[in-house]
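One structure below.
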Amino acid sequence: MPGSGAVRLRNTNTIIVVVPYECATGTCGSCRARLVSGELDQGWVDAPGRKALKIKRGEFLMCQAVAQSDCEIRIPSPVSTSESVGTSPRHLSGKVTNLKRLTAEVISFTVVLEEKIGFQAGQFMTLEFPGVNGARAYSMVNYATQTDELEFVIKRFEGGRCSQLLFGKPIENQQLSLFGPLGHAVFEPDLGHDLLLLAGGSGIAGMMAMLQQADETGYLKSQSIHLIFGVRSGADIFYLSILKDLAYRYPQHLKITIALSEQMEDHESNQTANLHIVQAFVHELIEKAATNENTMAFIAGPPPMVDASIRELIAEKGLGVEQIRYDKFA
Ligand code: FES
């Protein structure tokens, strides 16, 4: 059913329609659709993405809604009936293990699933935490073709309900509900692109998965990758030992720049020929990054950093929109 227009959905599994989405958590509004007939449970009624909806016209967020009967809906952007990338998303559950504090503001943990799944490097899952309204989207840090262990990294968000939970009391062994894998900003090694990875804070998660896959598949023997990783200060850098090891092993094809937005201490001992620590914002370093028609840029991080980087890539570097991949978690 390619193209836009009316789609008939039944509450039986007779057809899979790939519909537009970005955050899958009710925040971005990109999954807006209009109910023509039938009944829906609208899900999270306070979802931030509902603010721009014309509720009286029957608009709703597909990522939050559950059909209560056969429904006819109208989607204002292209849909298709075939999943072009990755494994179809599904509901999963798993247990939290290996909770670690990486910096004062960042933690990581692993969720051990009750079954194995496959996903592409760069994809994310939505996680539901007990006592917190709505799901949250987090990219997988690890990569494996099939695995029952998913690693996540989370930065503290001041005043956020999830942050209060995760940074407040131990959640080790907590059972969580997950949905996924989701996301279109995925690494496709077969395409042979040179990669420009632009990460802000915990936005590095999916890029760590890409680097792992690139390392394990020999991708870095032939293609180039430049990672620009932005954090506030030296104390906020995480994954440094992994990045240093990768930089050491791929002196020809891997370049890593860690961008400190606030303070610049002495980082001489951590610098190598292809790993640099500089004082700058991520988007300010794009102008000097090497790009060509074979470059694929990935961006993940706070929305202002994502927006500034997109502007820079298009206006200053002349990249086409098809050369830029990102998922807006907002
Ligand atoms: Fe549904 Fe973002 S609000 S995908």
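Remember, it's 1-based here, ligands and their atoms both numbered in the order they're listed.
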Against heavy atoms of [X], which atoms of ligand 1 measure under 4.0 Å?
{"X": "Gly29", "result": "2 (Fe), 3 (S)"}
{"X": "Gly26", "result": "3 (S)"}
{"X": "Thr27", "result": "3 (S)"}
{"X": "Tyr21", "result": "4 (S)"}
{"X": "Glu22", "result": "4 (S)"}

Taking only distance into account, with no hydrogens and no angle test, what donor-acceptor pairs under 3.5 Å do side-chain atoms of residues 170-178 form with protein atoms, sequence neighbours excluded?
from, atom 1, to, atom 2, distance (Å)
Glu172, OE1, Leu99, N, 3.3
Glu172, OE2, Asn98, N, 2.8
Gln175, NE2, Glu114, OE2, 3.1

> Is the distance from atom 1 (Fe) of ligand 1 to some N, O or S atom of Cys31 under 2.8 Å?
Replying inline: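 Checking Cys31: at least one N, O or S atom is under 2.8 Å.
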> Taking both backbone and side chain into account, is any N, O or S atom of Cys63 nearer than 2.8 Å to atom 1 (Fe) of ligand 1?
Replying inline: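 A backbone or side-chain N, O or S atom of Cys63 is under 2.8 Å from atom 1 (Fe) of ligand 1.
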Salt bridge or not for [X] and [Y], using N-O below 4.0 Å?
{"X": "Arg156", "Y": "Glu105", "result": "yes"}
{"X": "Arg74", "Y": "Glu59", "result": "no"}
{"X": "Glu188", "Y": "Arg325", "result": "yes"}

> How wide is the angle at atom 2 (Fe) of ligand 1 between SG in Cys23 and SG in Cys28, to the nearest 10°?
Replying inline: 100°
Would you be so kind as to tabulate the donor-acceptor pairs closer than 3.5 Å made by side chains of residues 246-255, with sequence neighbours excluded?
from, atom 1, to, atom 2, distance (Å)
Arg249, NE, Asp245, OD2, 3.2
Arg249, NH1, Asp215, OD1, 3.1
Arg249, NH2, Asp215, OD2, 3.0
Arg249, NH2, Asp245, OD2, 3.4
Tyr250, OH, Asp215, OD1, 2.5
His253, ND1, Leu220, O, 3.1

> Just heavy atoms, cut-off under 4.0 Å: does Met62 contact ligand 1 by side chain, backbone, both, or neither?
Replying inline: neither
> Between Ala24 and ligand 1, which part of the residue brings a heavy atom under 4.0 Å of the ligand: side chain, backbone, both or neither?
Replying inline: backbone
> Between Ala33 and Pro76, which heavy-atom pair has the shortest distance, and what is it?
Replying inline: CA-CD, 4.3 Å
>> Is there a ring pair (Phe, Tyr, Trp, His ring centres under 6.0 Å) between Phe187 and His193? Walk through the geometry before answering.
In response: CA-CA 9 Å; Phe187 176 34; His193 290 296; 9.2 Å; no
